Amino acid sequence: MKISKSGEIVITFALIIGGLCAVLYYLFAGTIVQSKSNPTGSHKAKLIRFQGIDVNFRIIVDGENSYYSPDFAPVEFDFREQIAWDKTGNIIVLEVAGKRLFAYNAEQRKQLSDSELLSVEYTPFYEYHYEGKLPEEEKR
């Protein structure tokens, strides 16, 4: 089947418009969920959420794209997404629903391996000097 010249023009135009829409969506449709500087202010990380056909998360560290997540289903649950700096203030960790998915060492400008990600340590709770009362665990 041969496509006419005008048909080729229409298809090309549709592909260009579709591509442009996709680029604009990924550039401007994300919602900044969190923006956090490390404790010394020497590094800054942003967590951006893209909600469309799927849900994706992007991490930007010191102005550079560091991570773009695989797809999540667009379910109506709270993803509880967050970024957190480790106790050294050099490593940013992405957590979704309590699971660590990604870590990036801003000082070395590199992604951590799975084993490194799982061994990242946060500042212990007692160092925050919380003056309130914590819920007590049930006695068994």
Side-chain angles (χ1 to χ4, degrees):
M1 180 168 113
K2 187 173 179 176
I3 299 175
S4 68
K5 194 69 165 169
S6 61
E8 288 178 7
I9 292 171
V10 169
I11 291 171
T12 303
F13 185 70
L15 289 173
I16 290 171
I17 295 297
L20 184 60
C21 288
V23 168
L24 291 175
Y25 173 78
Y26 282 104
L27 287 177
F28 300 109
T31 301
I32 296 176
V33 176
Q34 281 184 310
S35 183
K36 285 188 175 181
S37 294
N38 68 346
T40 64
S42 58
H43 298 290
K44 184 174 184 174
K46 286 184 189 176
L47 170 59
I48 301 172
R49 177 186 178 135
F50 293 92
Q51 179 85 37
I53 295 171
D54 294 309
V55 176
N56 299 93
F57 299 101
R58 177 184 289 170
I59 304 293
I60 298 173
V61 180
D62 297 334
E64 295 182 15
N65 287 321
S66 301
Y67 178 74
Y68 193 81
S69 77
D71 296 340
F72 285 88
V75 294
E76 294 182 12
F77 304 129
D78 180 0
F79 283 80
R80 300 189 318 274
E81 65 269 23
Q82 70 170 352
I83 51 176
W85 290 99
D86 78 327
K87 70 180 186 178
T88 69
N90 292 324
I91 297 171
I92 191 74
V93 177
L94 167 64
E95 294 181 351
V96 176
K99 299 290 182 188
R100 295 180 182 191
L101 299 183
F102 169 79
Y104 182 83
N105 187 316
E107 200 67 27
Q108 298 175 1
R109 299 175 67 168
K110 74 173 189 91
Q111 181 175 341
L112 274 60
S113 68
D114 289 350
S115 61
E116 291 171 317
L117 163 65
L118 295 174
S119 66
V120 169
E121 294 182 23
Y122 292 129
T123 303
F125 186 78
Y126 69 85
E127 289 188 28
Y128 293 101
H129 304 286
Y130 177 64
E131 295 181 9
K133 184 177 182 229
L134 293 173
E136 293 186 31
E137 292 184 26
E138 275 186 45
K139 308 278 186 211
R140 293 186 190 231

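Note that these values count all heavy atoms, side chains included, but never hydrogens, waters or copies made by symmetry. Not measured: the values here are computed from a predicted model.
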Colleague: Considering non-hydrogen atoms only, spot the tightest contact between G89 and P39 and give its length.
Modeller: CA-CD, 4.0 Å
Colleague: So, does D114 use its side chain to make a donor-acceptor pair with the main chain of L118 at under 3.5 Å?
Modeller: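 Checking the backbone N and O of L118 against the side chain of D114, no donor-acceptor pair under 3.5 Å is found.
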Colleague: State, to 0.1 Å, how close K44 and S35 come at their nearest heavy-atom pair, and which atoms those are.
Modeller: CE-OG, 2.9 Å
Colleague: Linking I/L/V/M/F/W/Y whenever their side-chain heavy atoms sit closer than 4.5 Å, directly or via other members, would V75 and V55 fall into one cluster?
Modeller: yes
Colleague: Quick check on K36: does its NZ atom have over 12 non-hydrogen neighbours (other residues, nucleotides or ligands) under 6.0 Å away?
Modeller: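 It does: K36 NZ has more than 12 such atoms within range.
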Colleague: Can you hop from L117 to L47 via hydrophobic side chains spaced under 4.5 Å?
Modeller: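 Different clusters: L117 never reaches L47 through Ile, Leu, Val, Met, Phe, Trp or Tyr contacts under 4.5 Å.
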Colleague: Counting N and O atoms only, with roles assigned by atom type, does the side chain of T40 sit under 3.5 Å from a partner on the main chain of N38, one being a donor and the other an acceptor?
Modeller: no
Colleague: For the atom pair OG1 (T12) and CD1 (I17), what is the distance rounded to the nearest 0.5 Å?
Modeller: 11.5 Å
Colleague: Under 4.5 Å between side-chain heavy atoms, counting indirect links through other Ile/Leu/Val/Met/Phe/Trp/Tyr residues: same cluster for F57 and I59 or not?
Modeller: yes
Colleague: Taking N105 for its side chain and I91 for its backbone only, find out whether a donor-acceptor pair lies under 3.5 Å.
Modeller: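 Side chain of N105 to backbone of I91: no pair is present.
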Colleague: Using the rule that two of Ile, Leu, Val, Met, Phe, Trp, Tyr join whenever any of their side-chain heavy atoms come within less than 4.5 Å, decide whether Y68 and I32 are in one cluster.
Modeller: yes
Colleague: I need the minimum non-hydrogen distance between A106 and D62, along with the two atoms involved.
Modeller: CB-OD2, 4.1 Å
Colleague: Evaluate the ring planes of F102 and Y104, with Trp represented by its six-membered ring, and classify them as parallel (under 30°), tilted (30 to 60°) or perpendicular (over 60°).
Modeller: parallel
Colleague: Would you say that S66 contacts Q111 through its side chain, given a criterion of any heavy-atom pair below 4.5 Å between the two side chains?
Modeller: no
Colleague: Would a distance-only check, ignoring hydrogens and angles, find a side-chain to backbone donor-acceptor pair under 3.5 Å from R49 to E81?
Modeller: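 Checking the backbone N and O of E81 against the side chain of R49, no donor-acceptor pair under 3.5 Å is found.
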Colleague: Give a yes or no on whether N65 atom CG has more than 12 heavy-atom contacts from other residues, nucleotides or ligands under 6.0 Å away.
Modeller: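 It does: N65 CG has more than 12 such atoms within range.
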Colleague: Which heavy-atom pair separates A103 from V93 by the least distance, and what is that distance?
Modeller: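 Shortest heavy-atom contact: CB-CG2, 4.1 Å.
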Colleague: Roughly how far, to the nearest 0.5 Å, is CG of N56 from OH of Y67?
Modeller: 9.5 Å
Colleague: Is the closest side-chain heavy-atom distance between I60 and R58 below 4.5 Å?
Modeller: yes
Colleague: Rounded to the nearest 0.5 Å, what separation is found between the NZ atom of K46 and the CD1 atom of I92?
Modeller: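 Answer rounded to 0.5 Å: 13.0 Å.
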Colleague: Evaluate the side-chain proximity of D78 to R80: yes if any heavy-atom separation is below 4.5 Å, no if none is.
Modeller: yes
Colleague: Is there a chain of hydrophobic side chains (I, L, V, M, F, W, Y, each step under 4.5 Å between heavy atoms) that links I83 to V33?
Modeller: yes
Colleague: In the structure I gave you, are the side-chain heavy atoms of E107 and H43 within less than 4.5 Å of one another anywhere?
Modeller: yes
Colleague: Considering only NZ, NE, NH1 and NH2 on the basic side and carboxylate oxygens on the acidic side, decide whether K87 and E127 come within less than 4.0 Å.
Modeller: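 No.
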Colleague: Considering all heavy atoms of both residues, which atom of Y122 and which atom of W85 are nearest to each other, and what is their separation?
Modeller: CD2-O, 3.7 Å
Colleague: Closest approach of G52 and P74, non-hydrogen atoms and distance?
Modeller: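 Minimum heavy-atom separation between G52 and P74: O-CB, 4.2 Å.
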